[in-house]
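Single-structure report; data block below.
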Amino acid sequence: RGSVMDVTYDSTTFVDHGTVLWGIAMQVEIWPPPSDQTRQLNWHLVDVELSGNTALNQGDILDSAWIHPAGCTHILVERSRFENNVNADSTALGTGGFDLYTGQSQLEENRPHARFINVEWHGNSAGSGPAVGLVGGVVDASFDTCLMRSNVAFLGGGAIAFDGAPSNR
């Protein structure tokens with residue numbers, strides 16, 4: 001029992017959005033993440049640009065999460081750019097950028113992994129992790145030929161923020 005969904009954005013641009021609910025400009029999710037059945041949300045972004053987005057609602061844990069793939073299992077981002085997405089409030093609390101929020105699952109095939117290939121993050125700001133936030137649960141993430149430059153975090157993790165216990169997996 002279960003389901004598999006595949007979502008692809010190819011050569012897509014998201015520019016100059018103001019987001020009131022949290023800071024999210026793009027959201028894909030299965031929620032709550034399944035724990036005992038196969039349920040996969042596979043997300044592929046290729047040649048995507050997300051730039052000039054502004055968080056309008058301050059003081060929330062997601063006040064800077066430009067992309068929020070909650071419950072995704074397989075994420076592949078290639079040749080994409082995330083630039084000047086801002087939360088200009090120095091009291092920002094949220095993990096910003098590509099906010100990978102994962103849930104726990106009893107099934108190995110539901111364990112999320114994200115791969116970033118030739119991706120750039122430049123001039124983003126957030127409470128923490130203005131490029132990528134790895135939040136909760138177990139997630140495998142890899143960064144191949146990526147560039148993170150001139151991002152600003154008000155709390156910590158100037159490029160990448162890890163929230164959770166380290167693992168030796």
Side-chain angles (χ1 to χ4, degrees), residues 1-57 60-85 87 94-122 124 126 129-148 160-164:
R1 204 170 98 144
S3 65
V4 176
M5 291 185 288
D6 296 307
V7 178
T8 300
Y9 289 94
D10 191 350
S11 300
T12 305
T13 303
F14 299 87
V15 178
D16 297 331
H17 294 280
T19 308
V20 175
L21 180 60
W22 302 322
I24 297 169
M26 187 186 318
Q27 181 169 4
V28 175
E29 71 176 291
I30 292 180
W31 199 257
S35 63
D36 62 351
Q37 58 181 299
T38 301
R39 201 146 165 214
Q40 297 179 353
L41 175 53
N42 306 311
W43 202 22
H44 185 198
L45 289 83
V46 59
D47 296 319
V48 168
E49 177 187 351
L50 185 76
S51 64
N53 298 286
T54 304
L56 302 174
N57 187 16
D60 187 271
I61 60 169
L62 294 174
D63 62 12
S64 304
W66 312 116
I67 298 178
H68 185 64
C72 284
T73 44
H74 306 289
I75 299 168
L76 176 60
V77 183
E78 301 178 88
R79 299 183 314 270
S80 295
R81 184 173 179 87
F82 305 97
E83 181 174 33
N84 297 323
N85 299 294
N87 184 332
T95 302
F98 212 105
D99 185 51
L100 298 172
Y101 184 83
T102 63
Q104 298 296 331
S105 178
Q106 298 170 7
L107 302 177
E108 184 70 22
E109 62 266 24
N110 288 349
R111 189 170 108 215
H113 66 271
R115 185 168 184 200
F116 300 92
I117 303 168
N118 196 20
V119 177
E120 293 185 19
W121 291 268
H122 175 71
N124 302 292
V132 176
L134 302 171
V135 182
V138 176
V139 62
D140 295 325
S142 65
F143 301 86
D144 303 314
T145 318
C146 293
L147 174 64
M148 297 174 194
I160 301 174
F162 298 92
D163 177 19

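Just the heavy atoms: all of them, side chains too, but no hydrogens, waters or symmetry mates, feed the values below.
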Are [X] and [Y] close enough that some pair of their side-chain heavy atoms sits under 4.5 Å apart?
X	Y	answer
V48	V77	no
H44	H74	no
L76	I117	yes
H122	R81	yes

- For F116, which of S142, C146, S80 qualifies under side-chain contact (heavy atoms from CB on, under 4.5 Å)?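 Filter result, single survivor: C146.
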- Item | Under 3.5 Å: donor-acceptor pair, side chain of T145, backbone of N118 | no
- If only atom types and distance count, is the side chain of N84 paired as donor or acceptor with the main-chain N or O of S51 below 3.5 Å? no
- Message: In terms of relative ring orientation, are W121 and F143 parallel, tilted or perpendicular, with 30° and 60° separating the classes?
- Response: perpendicular
Mind checking the [atom1]-[atom2] spacing from [X] to [Y]? Nearest 0.5 Å is all I need.
X	Y	atom1	atom2	value
E83	E120	CD	CD	8.0 Å
D6	W43	CG	CH2	13.5 Å
N42	T8	CG	OG1	9.0 Å
I75	D140	CD1	CG	11.5 Å

- Message: Test of understanding: with salt bridge (charged side-chain N to carboxylate O under 4.0 Å, His left out), list the residues that count as partners of D144, not counting sequence neighbours.
- Response: R115
- Message: For a quick test of reading the model, state the closest non-hydrogen atom pair linking V7 to Y9 and the distance between them.
- Response: CG1-CE1, 4.0 Å
- Message: Tell me the closest heavy-atom pair linking L50 and N85, and the distance in Å.
- Response: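 Scanning both residues completely, I find the closest heavy atoms to be O-ND2, 3.0 Å.
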